[in-house]
Amino acid sequence: MNESPESAMFRPPINRAMRALDRSFFKKSVPLSAARIRDNKQISKYRIELGHDLLRLDRMPAVRSVRDSDGQEAKALLLRPEVKPDDASTWSPKLSDLVKASQVSLSPYNLELDYDYWNYHDIMSAILPEAEQDEFPTGFSIVGHVAHLNLRDQYLPYKHLIATVLLDKNPTIRTVINKTDEVGEQNEYRTFSYELLAGDPDMNVEIHEENCRFRFDYSKVYWNSRLNTEHRRLVEKFQPGEAVCDVMAGVGPFAVPAGKKNVFVWANDLNPDSFASLDDAVRRNKVHRFVKVFNEDGRTFIRSSAERLLKTDTHVKVYKGVSRLKQPASTVKPIATLTSPKTFNHYILNLPASAITFLPSFIGLYVGREEFFTPNTDAKLPFIHVHCFSTKSDDNKEEEMKICKEVSEQIGYEMKPGNIETEGEVQVWDVRDVAPMKRMFCASFRLPGEVAFRVAENESGI
């Protein structure tokens with residue numbers, strides 16, 4: 001690390017042999033100068049005038065209380081290390097003028113720093129071997145009060161040190177865990193094995209996203225805070241009064257915000273714990289009039305939900321700025337009545353490890369139901385938004401071709417990169433990096449008529 005001698009003065013003491021955190025080790029006395037102010041009422045004025053001379057240190061106020069030779073308390077300004085109380089050549093012209101006018105006086109000052117002053121990065125930089133400083137373990141997810149690490153092998157010997165310092169330096173964190181396997185590696189619910197490194201073992205969390213509250217046991221359901229942008233992106237595509245089928249809904253990060261904007265959502269998850277938390281979120285966020293919850297196999301749900309929606313007659317009155325439950329019915333008039341469509345406008349398949357393999361469930365989905373779609377009605381066949389993993393490149397062109405090929409093979413219809421509105425074309429959206437050579441994408445396309453109305457062998461539509 002290349003840094004100035006002045007910057008090094010404020011770094012914590014180094015102990016690269018430390019394996020159990022010793023907070024008392026991190027103490028340091030830094031010799032400085034202090035400009036004592038004769039008239040405390042002038043402190044703000046001189047703080048501005050001596051701006052160039054002042055100590056500029058993060059989380060360290062420049063104004064200090066000191067005692068003069070008579071024991072009287074006075075205000076002082078901490079000065080940069082270069083300013084020496086006994087060397088006028090280090091003083092700025094303004095500081096020299098104030099000293100000559102006896103408005104301020106300079107004296108030595110020892111600035112005492114300890115463990116509480118330094119942040120997580122400072123402390124870990126003083127503990128970890130220099131060879132491990134290039135890819136410092138600063139990245140972690142926060143889910144409620146839980147910090148979720150995914151430590152690389154070289155940092156495992158220091159895992160408890162890392163977790164303890166992390167816990168100390170983040171007041172909102174009460175629990176620090178480390179993932180010990182890949183998400184979904186051990187089961188189909190996308191949960192993961194973990195070890196508790198520091199803090200409270202309680203994994204029941206509450207989080208807020210898109211003005212919605214979710215409560216769940218993080219050890220039993222899937223949640224990824226880094227997907228907030230993707231949740232928002234898709235929900236913004238849904239219009240009030242549309243119908244959305246969320247096939248792998250989890251605890252509801254798509255379904256609940258969509259329900260809040262008066263979108264009809266049928267939200268499903270196979271995991272019983274996710275289903276319970278999803279149901280809780282629907283009630284907690286008061287979107288039960290728009291969001292229905294289910295606990296079924298995703299492939300079965302794609303077909304069964306389409307059939308049930310055709311037979312569902314749902315009408316919801318929408319009120320502006322007031323809850324109908326809090327006012328007499330006679331005094332509150334609805335601004336609109338929304339009727340659920342007979343067919344879904346969107347399907348979300350957010351299970352990137354395997355969601356593409358669910359696409360054959362759409363083959364023949366609407367056999368014999370052609371009258372529900374254009375040109376017979378205004379309804380178009382639904383959009384499908386399927387998340388998946390692929391490799392990564394600078395322009396994603398190769399990945400787009402790979403994903404379209406996979407989609408084509410699953411639905412038996414040739415798809416190519418392009419516009420979501422054009423039949424036979426797929427819009428591939430880059431969601432986020434997952435690993436050095438792995439990226440998450442969302443492939444969105446309108447279900448082709450040839451696929452929706454195709455009679456599959458030994459199978460008919462809904």
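In what follows, residues are counted from 1 in the order of the sequence shown. Basis for what follows: all heavy atoms, side chains included, without hydrogens, waters or symmetry-related copies.
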Let me see the working for Tyr366 and Phe373 under ring-ring contact (aromatic ring centres under 6.0 Å, His included), right down to the final yes or no.
CA-CA 10 Å; Tyr366 288 113; Phe373 301 96; 4.7 Å; yes
Working for side chain to side chain donor-acceptor pair (under 3.5 Å), residues Asp22 and Ser24
CA-CA 5 Å; Asp22 179 5; Ser24 65; 2.6 Å; yes
Show, in sequence, the C-alpha distance, side-chain angles and deciding distance for Tyr115 and Lys169, and conclude whether the side chain to side chain contact (heavy atoms under 4.5 Å, CB included) test is met.
CA-CA 10 Å; Tyr115 178 80; Lys169 299 302 179 178; 3.9 Å; yes
Check the pair Trp118 / Met124 against side chain to side chain contact (heavy atoms under 4.5 Å, CB included), numbers first and verdict last.
CA-CA 10 Å; Trp118 287 293; Met124 296 313 303; over 6 Å; no
Run Val265 and Phe238 through side chain to side chain contact (heavy atoms under 4.5 Å, CB included) and show every step you take.
CA-CA 10 Å; Val265 185; Phe238 310 150; over 6 Å; no
Evaluate Tyr155 against Leu128 for side chain to side chain contact (heavy atoms under 4.5 Å, CB included), listing each step before the verdict.
CA-CA 9 Å; Tyr155 295 114; Leu128 292 179; 4.0 Å; yes
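Across all non-hydrogen atoms, the minimal contact from Ala443 to Ile403 is CB-CG2, 3.8 Å. Heavy atoms only, all atoms of each residue included: Ala249 and Leu278 are closest at CB-CD2, 4.1 Å. The two residues Glu209 and Trp223 come nearest to each other via the heavy atoms OE1-CZ2, 3.3 Å. The minimum heavy-atom distance between Gly144 and Ile207, with the atom names listed, is N-CG2, 3.3 Å. Annotation for Leu151 and Leu156: closest pair CB-CD2, 4.1 Å, computed over non-hydrogen atoms. Across Pro253 and Val251, no two heavy atoms sit closer than the pair CD-C, 3.8 Å.
Summarising the geometry, atom CZ belonging to Arg432 is positioned 5.5 Å from atom CG belonging to Leu227; distances are rounded to the nearest 0.5 Å. Distance check, rounded to the nearest 0.5 Å: SG of Cys245 to CH2 of Trp266 gives 8.5 Å. Atom CG of Asp200 sits about 13.0 Å away from atom CD1 of Ile173, to the nearest 0.5 Å. Taken from CG in Asp53 to CD in Glu82, the straight-line distance is 10.0 Å, to the nearest 0.5 Å. Rounded to the nearest 0.5 angstrom, Ile123 CD1 and Leu21 CG are separated by 7.5 Å. To the nearest 0.5 Å, atoms CG (Leu57) and CZ (Phe10) are separated by 5.5 Å.
At least one donor-acceptor pair under 3.5 Å links the side chain of Asn15 to the backbone N or O of Ala17. A donor-acceptor pair is defined here as one N or O able to donate and one able to accept, closer than 3.5 Å; such a pair exists between the side chain of Asp122 and the backbone of Asn119. Remark: side-chain polar atoms of Asp114 are not paired, donor with acceptor, to backbone N or O of Lys27 under 3.5 angstrom. Between the side chain of Asn285 and the main chain of Val287, no donor-acceptor pair closer than 3.5 Å is present. The main-chain N or O of Met415 is found under 3.5 Å from a side-chain atom of Ser408 such that the two form a donor-acceptor pair. The closest donor-acceptor contact from the side chain of Arg283 to the backbone of His288 lies at 3.5 Å or more, if one exists at all. Not one N or O on the side chain of Arg19 forms a donor-acceptor pair closer than 3.5 Å with the backbone of His160. At least one donor-acceptor pair closer than 3.5 Å links the side chain of Arg56 to the backbone N or O of Gly51. Side chain of Arg303 to backbone of Ser361: a donor-acceptor contact under 3.5 angstrom is found. No side-chain donor-acceptor contact under 3.5 Å links Gln427 to the backbone of Ser444.
Side-chain contact annotation: Thr312 with Arg308, donor-acceptor N/O pair under 3.5 Å absent. Between the side chains of Ser274 and Asn271, at least one donor-acceptor pair of N or O atoms lies under 3.5 Å. Side-chain contact, Asn150 with His148: no donor N or O sits under 3.5 Å from an acceptor N or O. With no hydrogens or angles considered, no side-chain donor-acceptor pair links Arg289 and Thr314 at under 3.5 Å. Asp217 and Ser219 share a side-chain donor-acceptor pair at under 3.5 Å.
Heavy-atom contacts from other residues, nucleotides or ligands closer than 6.0 Å to NZ of Lys392 number more than 12. At most 12 non-hydrogen atoms from other residues, nucleotides or ligands lie less than 6.0 angstrom from CE of Met401. Heavy-atom contacts from other residues, nucleotides or ligands closer than 6.0 Å to NZ of Lys261 number more than 12. Applying the 6.0 Å contact sphere to CG of Asp58 captures no more than 12 heavy atoms from other residues, nucleotides or ligands. Other residues, nucleotides and ligands contribute at most 12 non-hydrogen atoms within 6.0 Å of the CD atom of Glu414. The local environment of CG in Asn211 is sparse, with at most 12 non-hydrogen atoms from other residues, nucleotides or ligands closer than 6.0 Å.
Considering only heavy atoms from C-beta on, Val293 comes within 4.5 Å of Phe275 through its side chain. Looking at Asp202 and His145, their side chains come closer than 4.5 Å, going by heavy atoms from C-beta outward. In this structure the side chain of Ile356 never reaches within 4.5 angstrom of the side chain of Leu349, judged on heavy atoms. Taking the side chain as every heavy atom from C-beta outward, Phe344 and Glu242 never approach each other to under 4.5 Å. Using a 4.5 Å cut-off on side-chain heavy atoms (C-beta onward), Tyr347 and Leu365 make contact. Counting heavy atoms from C-beta outward, Val428 and Asn396 have side chains that stay 4.5 Å or more apart. Counting heavy atoms from C-beta on, the side chains of Arg233 and Glu230 come closer than 4.5 Å. Side-chain atoms of Leu309 and Ser340, non-hydrogen and from C-beta on, do get closer than 4.5 Å to each other.
A tilted orientation is assigned to the rings of Phe301 and Phe294, their planes being inclined by 30° to 60°. Taking the six-membered ring where the residue is Trp, His385 and Phe383 present tilted rings, their angle falling between 30° and 60°.
Considering Lys438, Glu398, Arg439, Glu399 as possible partners of Thr391, the one that fulfils the side-chain hydrogen bond (donor to acceptor under 3.5 Å, both in side chains) test is Glu399.
In this structure, Arg59 satisfies the cation-pi test against Tyr117, with its NZ or CZ atom closer than 6.0 Å to the six-membered ring centre and inside 45 degrees of the ring normal.
In summary, Glu195 and Lys159 engage in a salt bridge, as defined by a charged side-chain N under 4.0 Å from a carboxylate O. Here Glu406 does not pair with Lys402 in a salt bridge; the nearest charged N to carboxylate O distance is not below 4.0 Å. No salt bridge links Arg446 with Glu423; every basic N to acidic carboxylate O contact stays at or beyond 4.0 Å.
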